[in-house]
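One-based numbering, in listed order, for ligands and for the atoms of each. Just so you know, these numbers use all the heavy atoms, side chains as well, and skip hydrogens, waters and symmetry mates.
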Amino acid sequence: MANIQSLRGMNDILGDDSELFTYFVENASRIAKNYGFTYIETPILEETALFKRSVGESSDIVNKEMYQFIDKGENDVCLRPEGTAGVVRSFVQNKFDRAGGTYRWYYYGPMFRYERPQKGRLREFHQFGCEVFGVSSVYEDANIIMMIKDILDFFQIGFKLQLNSLGCPTCMPVYRDKLVKYLTNIKEELCEDCNRRIETNPIRVLDCKIENCQKLLYNAPKITNNLCEKCDTDFEKLKEILDFNNIEYEIDTNLVRGLDYYSQTAFEFTSSEIGAQSAIAGGGRYDRLVEFLGGRATPGIGFAIGIERLLELVKIKEEKKDVIYLGALNEEALNTLTQIATKKRDNTKTFMEYTPRGFGKHFKLAEKCRATIVALVGENELNDGTIYTKNIKTQEEKTIKLEDF
Ligand code: HAM
C-alpha cells in the first residue's frame, strides 16, 4: 500500500522551518504588542456567505479558490481564504461597533486558497495580520505601514513599497464609469479575463498580468487623478508622513488588490528575491466593511504578511543562533550542570547531556545538536569552581569562573 502524503500545496512545518516560523511569529507579535495590538483568534471554518459579502463575489478568491463544502448540518461553509473577514465578523458579533472606541488586534494562522501551487504559492499558507477599528485618521495608515517596515527591518528584509488610493463611494463610482468607457473602446484587444471583468469588476482589469493588456492600459484614466477632495488630501498627507519618516514608496495606480473591500489607501510590500510570487505583505483601508457585514459604520485598516514567503528571506540573527551544549566529565558534575542549564535557558538554547563522558564523545554529541558553545565540567573544574568552554565558531578554548559563564 502506498504511503499517504500531505495534500498538494500543503506542507508540514518542521525542523529548521519550524524554528524560523516560531522565531518570526514571536518577534512580529512582540512588535505588534508594542504598537498596542492584542491577540485575536477566530475560527478557521466560517460561513461561505461571510467571504462572499466581504472579499467579494467577483474576486478570484471567492470565485475560484475557496475550499467550500456543505457540512453535516447542511451549512454552506468554507476554510478561511484570508483573515480580515473573520475578524470583522467577530467585531460586529461582539458588538464592538456599538460600543465605539478604538481596537487593535493581531492574529496569525493558516489560510486556504485552491490556487495552482508553485514556488511561493501554497494552498495552505500562513498569515500574520493586524486589523484596526475606529480610527479614520490617515496617521493610522502611516502607522500601519511603519509597523510593517519595523517588522521587515527587524528581520533585515529589503522590500519595495507600492502605494495607491482607491477612492471612496464619492469618487470611485465616477472613476469606474470613466474607466469602463475607456475599456469598452479597446475591448476587442483586451484578453478574455479583462473582457469578463469589464462587466463584473472593471477596476481589476488594471492589474491584469498580460503584457499586451498592460500596454493598452497605459493611457487609461488614473484613479489618483480622479480622487475627490477628501481622498486627495488624505493621500497627499499620507505621502507627506511617509516622506517625513524617510520611507520610500512608489505610487502604482494599477495596484487594486485582489479583495473587494478596500477604499482609499491600498499598499503592497514586495521583495525581488523570492521569484514571481513577490508580494510579502498587503493591506489597506476598508472603511465600509463593518457596514457590509451588518455592523454600525466603523473605519478599518489592516494588513497581512505571508509567513512562508517571508521566511524564505529571514535569516536568524547571528547572536540568536548561539546554542550551548553542557556535558559532565564525571558523575559528580551532573548536579552542578542542572543549575547552569536552568540559568542559561533564561535567554539561550541549551542542551544538557545526562551521561558523563570523555571530551571526544561530548564534542561529537555537541555537533549533532549544532551547538556553537561546548561547556564541560569535570573533577578539576568542580574543585576550582570553573567551567571549560569552547566556542565552535572561533575555536577559542578557555576555562573560566562559573559565575562569569
Ligand atoms: P492578500 O494580499 O490576499 O491580503 O494576502 C496577504 C499576503 O499573504 C500576500 O502578500 C502573500 O504574502 C500571502 N499569500 C497570499 N496568497 C498566498 C498563497 N497562495 N501562498 C502563500 N502566500 C500567500 C489579505 O489576505 C488581506 N486579508 C490583508 C489585509 C488585512 N487587508 C486588510 N487587513
Side-chain angles (χ1 to χ4, degrees), residues 7-11 13 21 24 28 32 37 40 42 46 50-51 54-56 59-62 64-67 79-89 91 103-133 135 140-141 144-145 147-148 151-152 157 159-162 164 166 204 207 255-271 273-290 292 299-314:
L7 297 174
R8 206 158 103 81
M10 300 200 179
N11 295 334
I13 302 174
F21 189 96
F24 171 76
F37 286 77
I40 180 171
T42 62
E46 296 265 10
L50 172 64
F51 301 103
S54 53
V55 177
S59 67
D60 283 350
I61 295 179
V62 168
K64 307 184 196 158
E65 298 170 0
M66 299 247 272
Y67 277 88
L79 296 175
R80 63 181 183 196
E82 60 103 50
T84 310
V87 173
V88 176
R89 178 208 40 74
F91 179 78
Y103 302 88
R104 291 191 173 81
W105 294 334
Y106 78 92
Y107 54 89
Y108 53 88
M111 310 291 158
F112 301 83
R113 296 184 192 175
Y114 195 85
E115 298 194 79
R116 198 169 50 78
Q118 55 174 238
K119 186 175 180 309
R121 195 201 269 158
L122 297 161
R123 286 181 174 170
E124 182 187 21
F125 60 98
H126 295 75
Q127 285 185 347
F128 178 92
C130 288
E131 314 293 351
V132 181
F133 297 96
V135 188
E140 189 64 29
D141 306 37
I144 285 284
I145 288 173
M147 173 175 160
I148 303 170
I151 294 177
L152 298 179
I157 291 169
F159 62 84
K160 223 165 83 180
L161 165 60
Q162 271 143 341
N164 194 15
L166 296 172
R204 285 299 312 275
D207 103 312
L255 176 75
V256 297
R257 312 269 301 125
L259 310 96
D260 289 352
Y261 48 63
Y262 294 109
S263 55
Q264 294 205 305
T265 308
F267 57 80
E268 236 161 53
F269 286 74
T270 57
S271 161
E273 291 167 48
I274 48 171
Q277 302 306 314
S278 60
I280 44 180
R285 197 161 260 291
Y286 48 82
D287 289 346
R288 311 277 317 283
L289 186 53
V290 173
F292 285 162
I301 179 167
F303 72 91
I305 294 176
I307 300 184
E308 280 84 354
R309 287 190 197 166
L310 202 90
L311 292 191
E312 292 220 11
L313 297 160
V314 172

Output the distance between atom [atom1] ([X]) and atom [atom2] ([Y]), rounded to the nearest 0.5 Å.
X	Y	atom1	atom2	answer
Arg285	Ile144	CZ	CD1	9.0 Å
Ile307	Phe21	CD1	CZ	4.0 Å
Phe267	Gln162	CZ	CD	12.5 Å
Leu152	Leu310	CG	CG	6.0 Å
Thr84	Ile301	OG1	CD1	11.0 Å

Just wondering, more than 12 heavy atoms not from Tyr114 lying within 6.0 Å of its OH?
no
Compare [options] and give the one whose heavy atom is closest to [atom].
atom	options	answer
atom 33 (N) of ligand 1	Glu131, Arg285, Glu308	Glu131
atom 30 (C) of ligand 1	Ile307, Thr84, Ile301	Thr84
atom 1 (P) of ligand 1	Arg257, Glu82, Glu124	Arg257
atom 6 (C) of ligand 1	Glu65, Gln118, Lys119, Gln127	Gln127

Does some side-chain heavy atom of Arg113 sit less than 4.5 Å from a side-chain heavy atom of Lys64?
no
At what distance is the nearest protein heavy atom to atom 14 (N) of ligand 1, and which residue and atom is it?
Phe125 CE1, 3.5 Å
In terms of residue, atom name and distance, what is the protein heavy atom nearest to atom 20 (N) of ligand 1?
Leu122 N, 2.9 Å
Testing Phe37, Tyr103, Trp105 for ring pair (Phe, Tyr, Trp, His ring centres under 6.0 Å) with Phe133, which one passes?
Trp105
With ring pair (Phe, Tyr, Trp, His ring centres under 6.0 Å) as the test, pick out the partner of Tyr286 among Tyr262, Phe91, Phe303, Tyr261.
Tyr261
Please list, in number order, the atoms of ligand 1 under 4.0 Å from a heavy atom of [X].
X	value
Ala304	6 (C), 7 (C), 28 (C), 29 (C), 30 (C)
Gly283	31 (N)
Leu259	3 (O), 4 (O)
Glu115	16 (N), 18 (C), 19 (N)
Gly306	7 (C), 8 (O), 12 (O), 13 (C)
Gly282	10 (O), 28 (C), 29 (C)
Arg121	19 (N), 20 (N)
Ala281	10 (O)

Should [X] and [Y] count as an ion pair when the cut-off is N to O under 4.0 Å?
X	Y	value
Glu115	Arg121	yes
Arg8	Glu124	no
Lys119	Glu312	yes

[X] N/O to ligand 1 N/O under 3.5 Å:
X	answer
Phe303	yes
Ile305	no
Ala279	yes

Take every heavy atom of [X], measure it against each atom of ligand 1, and state whether any distance is under 4.0 Å.
X	result
Tyr262	yes
Gly258	no
Gly120	yes

Where on Tyr261 is there a heavy atom closer than 4.0 Å to ligand 1, on the side chain, on the backbone, on both, or on neither?
side chain
What part of Arg113 sits under 4.0 Å from ligand 1 if we count only heavy atoms: the side chain, the backbone, both or neither?
side chain
Hey, does the side chain of Arg104 reach the backbone of Cys130 with a donor-acceptor pair shorter than 3.5 angstrom?
no
